[in-house]
Asks: 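Structure incoming, see below.
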Amino acid sequence: MGMLILESNSSEHVPGTTRYFDDPERPQAATSDSAGLKCDTSGPVPIILVPQPSDDPNDPLNWPLWKRDIILVILCVVSIFATSLGPILAANTITLSLVFVVKFTQIAELTGYFLLGVGIAGILCVPSARVWGKRHLFLLGTFIIIFSSAWGGASRSYKSLLWARIFQGLGTAPFEALVNAAVGDMYFVHERGKRMALTNLAVFGGAFFTPILVGKITHTIGWPWSFYFVTIFVGVCFPLLFFFVPETAYRRSTHLNTDLASTDDLQPFNKHQEPGRGGNSTEIEPNTTADVNPAEAEKGIAEPGSHHVSHGHDLPGANTPLKSFKERLMPFSGRKTDDDFFKLILRPFPLFAHPAIFWACLIQGTMIGWTVFIGIMLAAIFIGPPLFWDEVNTGYAYTGAFLGSVIGFLIAGGLSDWSAKFMTRKNNGIYEPEFRIVLVIPQTIIGCTGLYLFGIVCSNPTHYSWVLSVFAFGLQVCGMVIGAVAASLYIVDAHRDIAIEAFTCILIFKNFFSFGLTFSAYDWIIKGGVYPTFMWIASIQVVISLLAIPMYVFGKRNRSFFHKHDLLKLAGLA
């Protein structure tokens, strides 16, 4: 048992466990034991590249780091505008209630229907990404956001705005569901931590800046412009997305996915240096037993269920030409899997019975739900008596949430890779995905403190300063971002073969959970009171966070068990 993680009862290698570092104590020069491995030698300690890249120049893992980072930044910017549509009405509750002559609850439901649209679209767009890649969905989602935001600003009836909100959710779904998975497409394990923190900041944190601006926009030029500005900015981003974000999904040969391998028996071989490739990379050939179609191996395409062995010294894809700029602009670039589309629609649902995925849903989804809940409560507590704030001040109350999301990003980004590398060294160079779970510790301390504090100070807003409410909201959001990073990294590293389906489960859970809260929030507060309600919420979250302990201890055994007992195969969906 290393680092308190129970070893598998089986002698087989457990997928997800990797030789993250070559030998932390040895000098940078390669030894005879590691001469076949492709390594990152840019740092003081050579790090084995996981997964191993192919020799195909179209493999995203072979793109320059600056190119991959530009792609990720563009996706993050569009994601900020897309997800900003979630809380965009938070500061406009009174204004819209007066404009459309409806109750506060119905204005809150507009956010709920947005989340419903995200959840429904997520069920459909994720299998599409699995079959045809992600690019066409990013383009389609951006287009839907542009026209639905223009529609929302032009709405002159509650029903019209409600349908615009649903379509805004449909357009947002690809960014909520697939941007984190794109990190797994483009980056090696040791590069993912800070990038995953950045994508979670964009998807879950950047939106909190929106209400700060929306309150002032509504007060100055009218509520429709909060939607029109989204249309304008996303419209500007569309050409960047079209020209500079190629397809990130890649159909990689099975044996190169070393983080998914069921064996760690790797036999290095000597290979001639490729033209144009620096001397810092070395390569490895898995010691596998099953053969592969040579034509498929040449293209770097895996046959379903097969293991690969190379019939020569070139790794798959070595002779594949680089795609032209025109080819890279196409929304579709061939199938990424031979799985049936309709089977893929059903694949996420059995995975709710997978302990790791259900744990990730709880860790990430409940904190996001409480964030939506607090957003609804801000309107009730600050706009109504005894404070009687207007939409501008209510929008400014989100300053704490925005700063909390940024601080959460910094904490998660700083701790995620550092803690993984530190624990890997302590574990004799063996990386376990469970090392990512330690991020739940700061999530619990910071996030649950925010929930308890918010309930205390908002139960008597005249006795406590409003600053404490804003501060508590910031703590809760900070914890939410850290938890989102922890859950996302664990899923990508421990279960990358089902990462897309796992993120679909998280998306479905958090959006339908938050959708339910938008209908219940006001009733809970009115019937139960602010203080008791938030004490229950915070205590529930503490219990959920404590589930990280058995997940950490038994996580490797869980990975081993479900590698042998594939839920998707048992359900006939593999």
Asks: Any luck finding a side-chain donor-acceptor pair between E432 and T17 under 3.5 Å?
Replies: yes

Asks: Looking at T248 and D185, would you say the former's side chain and the latter's main chain have a donor-acceptor pair under 3.5 Å?
Replies: no

Asks: Hey, does the side chain of R130 reach the backbone of V126 with a donor-acceptor pair shorter than 3.5 angstrom?
Replies: no

Asks: Could you check, using the six-membered ring where one of them is a Trp, whether F138 and F175 have ring centers closer than 6.0 angstrom?
Replies: yes

Asks: Tell me which one of I217, L85, V214 satisfies side-chain contact (heavy atoms from CB on, under 4.5 Å) with F227.
Replies: L85

Asks: Do E434 and R557 sit within salt-bridge range, that is, some charged N less than 4.0 Å from a carboxylate O?
Replies: no

Asks: Assign the ring pair W418 / F422 to parallel, tilted or perpendicular, where the plane angle (0 to 90°) is split at 30° and 60°.
Replies: parallel

Asks: Tell me if a side-chain donor or acceptor on S84 pairs with a main-chain N or O of T210 at a distance below 3.5 Å.
Replies: no

Asks: Please work out whether the ring planes of F233 and F229 are parallel, tilted or perpendicular, with thresholds of 30° and 60°.
Replies: parallel

Asks: So, taking the atom named CD in Q541 and the one named CG in L546, what distance separates them when rounded to the nearest 0.5 Å?
Replies: 10.0 Å

Asks: Answer with yes or no after comparing the ring centroid distance for F473 and Y398 against a 6.0 Å cut-off, counting only values under it.
Replies: yes

Asks: Hey, what's the ring geometry for W370 with F373, parallel, tilted or perpendicular (30° and 60° as the breaks)?
Replies: perpendicular

Asks: Is R436 salt-bridged to D417, going by a charged N under 4.0 Å from an acidic O?
Replies: yes

Asks: Applying ring-ring contact (aromatic ring centres under 6.0 Å, His included), which residue pairs with at least one partner in residues 441-465 are found, sequence neighbours left out?
Replies: F454-F534

Asks: Treating Q476 as the side-chain partner and M367 as the backbone partner, does any N or O pair qualify as donor plus acceptor under 3.5 Å?
Replies: yes

Asks: Tell me if the centroids of the rings in F402 and F209 come within less than 6.0 Å of each other.
Replies: yes

Asks: Main chain of F188, side chain of E191: is a donor-acceptor contact present, judged purely on distance under 3.5 Å?
Replies: yes

Asks: Establish, yes or no, whether a centroid distance under 6.0 Å links the rings of F513 and F509.
Replies: yes

Asks: According to salt bridge (Lys or Arg N to Asp or Glu O under 4.0 Å), who are the partners of R135, at least two apart in sequence or on a separate chain?
Replies: none

